[in-house]
Structure formats: structure tokens, C-alpha cells
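This report concerns only the one structure given below.
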Amino acid sequence: MTQTTLQDIVIVGGGTAGWMTAAALSRLLQNKYRIRLVESDEISTIGVGESTIPMIRLFNHVLGINEDEFVRETKATFKLGIEFEDWNRVGERYMHGFGKFGRDLGTVEFFHYWLRAHLAGRAPDLERYSINRLAARASKFMRPTDEVKDSPLSDIVYAFHLDAGLYARYLRKYAEAHGVVRTEGKIVDVRQRAGDGHVASVVLENGDAIAGDLFIDCSGFRGLLIEQTLQTGFEDWSHWLPCDRAWAVPCELASDLLPYTRATARPAGWQWRIGLQHRTGNGHVYSSRHMSDDEAAAILMRSLDGKPLAEPRLLRFTAGRRNKAWNKNVVAIGLSSGFLEPLESTSIYLIQSGIQRLISLFPDAGFDAADIDEYNRQGDFEIERIRDFIILHYHATERADTPFWNHVRTMEIPETLRRKIDMFRSHGRVVRENNELFTEIGWQQVLHGQGVRPRAAHPLAGLLDDAQLADFLGTTERVVGKCVEVMPSHKEFVAAVAKAGR
Ligand SMILES: Cc1cc2nc3c(=O)[nH]c(=O)nc-3n(C[C@H](O)[C@H](O)[C@H](O)COP(=O)(O)OP(=O)(O)OC[C@H]3O[C@@H](n4cnc5c(N)ncnc54)[C@H](O)[C@@H]3O)c2cc1C
């Protein structure tokens, strides 16, 4: 049997998704394919998307990007986790820190030993055993080091806060240097092949047609190819995630440079604060069924840490996913494939994971249905588990102070999430299926932070007697605390990286 390789790849859209895809394909396909990217200066990119998760470091690594240069070019800061304020009850806060908690001790995970002591009133907050969370509280940061054997300093796990516009520009430079050809122009028509309906070319306003074998739709919410042309359909999740709008505005930097994202619950949604080197990014995500645009804007503007640097921008969206992210010869990556609000900063990661899956299931010109189905199956699983995690933050709450919180607290939730909550309520266990994105300890932190309490600890945490348990937890807490003491401040660390490039 002969195999026909495809030749021409056309990426539609030059936002974060388009340029991440262009950069990755230009590197990984080694100039064996022609890659073109079409974007319109008339249609602006979404321009937000500033908080990431640690997987972005793998993306940088695959691209061979120098991290210090990346931090300088995107005005990035470092991120150790996300702080949630007022989510379970007004006045309460907790953090979802990346990385490990405590130390390994054989039979069960650290969390279960802690839980046993905590349920007996003999252990402080979980935070005291996490290098990420303690360092975040102290506004400290350094990259992990193996200099001291078995030290929590080797467990630091981080991501970045970055300027989305600068990031797209940085990746564009990279992709063009690796052979991607950019065409500026507004696509006004899409031609399909007779017979199978595959996209044959996109037609620009000036009449030029750009033909391709594989099209990657990175055109944002409009889904120019995947939806407007192929009418793939969308599964709407707004009954679980009613927030459908956001106001976004940058403001002057506050004096402290926090190494974490702040997510503060509001009467009908929540507000983000993300400190970059040159400004703070802010946004108020809310449900338009429960709050007017004017009220939402007013809440955001009166809670800024510094002077606004622009007029606030209104963004509209619907939570959900495309019925098929890959349909015929079109693969939707980025906002065209679906959207989950940025509560756990997962959209840029989902772009990365879409690219990764495309590479592993890369088609030839035959576009085998088995490959396409597998791509869609894996993507559906991944985004549905992330969706559940985000719903958890809303649903597991004691808040009953507004119609919005009453709605999310009492709504029906997906069965998959119900099972996770029930398992945790039983003995604090979380079962991570098929490499789903968030780790056991990620779920455990949020479940605990949102006030869900296990009835009992893991029975095998009782393998240690009380004295052994107290000794183990006490030593761990002291060691983590000492490690944080020696870390530099986040502000100093960022300044040193920025200065090194001058
Ligand atoms: C309120 C909000 C906050 C967010 N915060 C985060 C966050 O903290 N972390 C995170 O990971 N993600 C976040 N995201 C998501 C993140 O912004 C997006 O995943 C990311 O920017 C990718 O967008 P995109 O490239 O798919 O689309 P866009 O940025 O919309 O780009 C679309 C591109 O398509 C082009 N285009 C469209 N139509 C045409 C046409 N007819 N002809 C030619 N070109 C065309 C446009 O010119 C543009 O270049 C957030 C999103 C929202 C809405």
C-alpha cells in the first residue's frame, strides 16, 4: 500500500494558539512540510491569557527556548500556585500550590498521614508541608536545586505569568526563523473539496487563495473553519459553569511581586490578579444572568491595586467544547476547540496538549478515521476532567449569600465529579484516571480548601503510631520552613533574571 504524505499545512489565526502551533510544528516537523500562518490585523486576538501551569516548561524545553530569555521577552514572573480567597466562605483563603507535599514514607501518600493527624487536631494546615505554598506566602522564589540531597528545595515546581501579546510576538519570531511563512489578510471565504467536504483553501479579501492539505483552525471563538465552515457543533456546559463574560484591565504594579495568581470570589463570579514585571493583569469573570455588565465593571475597577493603564475590555464566552476538535482535515486548537474559564489557567496548556496529540497522531493525506477518533477521544477526556475540577471550586462551597452562589452550590454536577467528591469524603482518597491533568494532591488541596471533609483518614496511615506520626510531621514541617528561609525574594529573583539580559 502506498502512503501519501501531506505537504501543506495552513494555520488560520495568529493568537497564542496559532503561534504556539506554528512554533512547535516548525521545530518538530524539521522543514519537511510547508507551514503557512494566516492572520488578520483587522481582527484582534483575545489578548488575555497570562497565567500558566508548569507544563509550559516542557513546551519551552521541546522548542529549545532559553528560559531566562523567555522570561525577559514576555515580561514574565514566576508562579508557584493559585490563591483562592472567599470561595468556601467569605474571609477564608487557601492555595492550590504546584508540586509535592511533605516527604514520601512508603505505604501511603504524605497527605494521608497529615490527614490522620489533622483530623485528630494534631497537625497544622497542609500549607506548612509544601515548599511551593510556604514560599508563595513569603513572596519567595528560586528554581529547584539538587545541591542538598533529599531537600524540599529540589521539589519546587513552577509556571509563569506572562504578557500574552509579547508571548505571541516572541513565538512568531521563533516560528518565522524556523521557516513558517506568515500571510496577513482577512479570510472571507473557505472552499471545500467536492465529495468529502475537506477544506481545500481559504480565500483572502484581496482574492488570493491559500490551499492546504491540513488546516489548523486557531481563529479563536468564531471557529472559522471548524464551526462556520464544517458546522461541527458545540457542547454547551454553561449549566455547570454559568460565568460567560469577563472584564479585563491592566493596572500599575503593586509594590510586591507575588509569585502566585490571586483568584478572589465575587458575588457572581471571581476576579483574577496576575503580577507581571511591568504591570498587573486583572479581570472579573462573571455570570451575566446574575450580574449586569456595569456592576461587574464597577467591582473590578474599585478593587484594582494600582492606577488602570487602559480602558476595561469586555469579553464574552460560553463554557463548553466543540463536538469534534478534529473534523475532516481541520484540527481546532485554542479557543476554536472549546473554552473553560481561566480559574486554573488551563487554556494555554490545552493548546500545548492539542499540539502534542496532533504530533503523536499526525495524519498522512488519507486522514484515517481511527486517528481522528482517537485524537478526539483523548481530548474529550482531558477537557472533561479539567471541567470537573473547575466545577468543584464553585459547587463545594458554603456560600449562600447571593443567587449565583446558591445556584452553583445546589446544582446537579457531572457524575464523574460526584464520584471524586464521594471518594474524598470517604477516606481522603483521589484516584487519578488515565493521566488526567490535575494530580491527586491538586484535587486534595482544592477539596480540602473548599471545605469538603473526609469522614476518616486512610486506614493504612495508622501503620505509624502516634509518636512516630508526630515526629515525622514535625520534622517535615521544620525542614520545609528552613528551606523557605534561605530562598531569595521573588522580586529579587525576577530582577536578577531581567538584569542578566542587559
Ligand atoms: C477572560 C479570559 C481570560 C483568560 N485567561 C487565561 C489564563 O490566565 N491562562 C490561560 O492559559 N488562558 C487564558 N485564557 C485563554 C487564552 O486567552 C486563549 O487560550 C489564548 O489566547 C488562545 O487564543 P486563540 O489564539 O485561540 O484565539 P485569538 O487570540 O482570538 O486569536 C484568533 C486569531 O485568528 C485570527 N482570525 C480570526 N478570524 C480571521 C479571519 N477571518 N481571517 C484571518 N484571521 C482571522 C485573528 O486575527 C487572530 O489572530 C483566557 C481567556 C479569556 C477569555
Side-chain angles (χ1 to χ4, degrees), residues 10-22 36-56 59 79 82 159-165 167-169 171-172 182-190 202-206 208 210 216-229 243-249 261-263 269-274 276 281-286 296 300 312-319 322 325 332-355 383 386:
V10 179
I11 299 168
V12 171
T16 306
W19 286 116
M20 280 179 78
T21 307
R36 294 185 72 167
L37 183 145
V38 190
E39 66 174 323
S40 163
D41 290 342
E42 247 178 71
I43 304 173
S44 55
T45 62
I46 196 101
V48 283
E50 305 192 319
S51 190
T52 63
I53 56 174
M55 264 60 84
I56 192 172
F59 186 77
K79 173 180 170 187
I82 306 173
F160 308 97
H161 300 126
L162 49 82
D163 180 313
Y167 185 44
R169 203 180 305 166
L171 291 176
R172 173 178 163 186
R182 171 185 182 265
T183 303
E184 199 286 314
K186 186 171 167 189
I187 296 167
V188 290
D189 194 17
V190 179
V202 291
V203 183
L204 306 183
E205 225 166 15
N206 65 6
D208 286 355
I210 297 176
I216 313 208
D217 186 346
C218 299
S219 63
F221 286 128
R222 57 181 59 73
L224 192 68
L225 306 181
I226 198 78
E227 196 56 54
Q228 291 183 8
T229 305
C243 287
D244 58 351
R245 291 191 191 176
W247 284 105
V249 68
T261 304
R262 285 183 291 168
W270 62 280
Q271 179 179 341
W272 79 74
R273 287 185 180 88
I274 295 170
L276 306 177
N282 307 275
H284 181 191
V285 176
Y286 60 99
L300 176 66
R313 266 191 328 128
L314 181 62
L315 302 154
R316 293 182 165 83
F317 47 81
T318 306
R322 204 63 64 198
I333 292 185
L335 300 173
S336 58
S337 68
F339 183 67
L340 287 171
E341 59 186 83
L343 192 54
E344 285 282 352
S345 327
T346 41
S347 286
I348 291 176
Y349 165 73
L350 284 169
I351 295 171
Q352 177 183 346
S353 126
I355 297 168
I383 194 168
I386 297 172

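Both counts, for ligands and for their atoms, begin at 1 and track the order of listing. Any value given below was found using the heavy atoms of this structure, including those in side chains, with hydrogens, waters and symmetry copies removed.
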Judged by atom type as modelled, is there a donor-acceptor pair below 3.5 Å linking the side chain of [X] to the main-chain atoms of [Y]?
X	Y	result
W270	A263	no
E184	D41	yes
H284	A296	yes
D244	F317	no
T229	I226	no
Q352	M55	yes
K79	T52	yes
S219	L224	yes
S336	A332	no
R313	V249	no

Which ligand 1 atoms are under 4.0 Å away from a heavy-atom of [X]?
X	result
G220	27 (O), 30 (O), 32 (C)
L315	1 (C)
W272	1 (C), 3 (C)
G334	26 (O)
G185	42 (N), 43 (C)
A246	1 (C)
R222	37 (C), 38 (N)

Quick one: look up the protein heavy atom nearest [atom] and list residue, atom name and how far away it is.
atom	value
atom 41 (N) of ligand 1	I187 O, 3.2 Å
atom 21 (O) of ligand 1	I46 CG2, 3.1 Å
atom 47 (O) of ligand 1	I43 O, 2.7 Å
atom 25 (O) of ligand 1	A17 N, 3.0 Å
atom 13 (C) of ligand 1	G49 CA, 3.3 Å
atom 49 (O) of ligand 1	G14 N, 2.9 Å
atom 11 (O) of ligand 1	I348 N, 2.8 Å
atom 15 (C) of ligand 1	S347 CB, 3.4 Å

When only distance counts, is [X] in polar contact with ligand 1, meaning an N/O pair under 3.5 Å?
X	result
V48	yes
L335	yes
G13	no
V12	no

Can you figure out which of S51, P342, S40 has its heavy atom closest to atom 9 (N) of ligand 1?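 Answer by nearest heavy atom: S51.
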
Hey, looking at atom 51 (C) of ligand 1, which of F221, F339, W247 has the closest heavy atom?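 Heavy atom nearest to atom 51 (C) of ligand 1 belongs to F339.
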
So, T183 and R36: side-chain donor and acceptor under 3.5 Å apart, yes or no?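 Per modelled atom types, T183 and R36 side chains form a pair under 3.5 Å.
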
Which bit of L224 gets closer than 4.0 Å to ligand 1, counting heavy atoms only: side chain, backbone, both or neither?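 The part of L224 near ligand 1 is the side chain, not the backbone.
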
For atom CZ of R245, is the number of surrounding heavy atoms from other residues, nucleotides or ligands below 6.0 Å larger than 12?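 More than 12 heavy atoms, drawn from other residues, nucleotides or ligands, come within 6.0 Å of this atom.
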
Could you go step by step and tell me if S345 and I82 meet the side-chain contact (heavy atoms from CB on, under 4.5 Å) rule? CA-CA 9 Å; S345 327; I82 306 173; 3.9 Å; yes

If the contact criterion is a heavy-atom separation under 4.0 Å, does C218 count as touching ligand 1?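 Checking ligand 1 against C218, which is what was asked, there is a heavy-atom contact under 4.0 Å.
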
Does ligand 1 have any atom that is closer than 4.0 Å to a heavy atom of T52?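 Contact absent.
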
Note: E227-R322 ion pair, threshold 4.0 Å (strictly below):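 Judged by the 4.0 Å cut-off on N to carboxylate O distance, E227 and R322 do form a salt bridge.
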
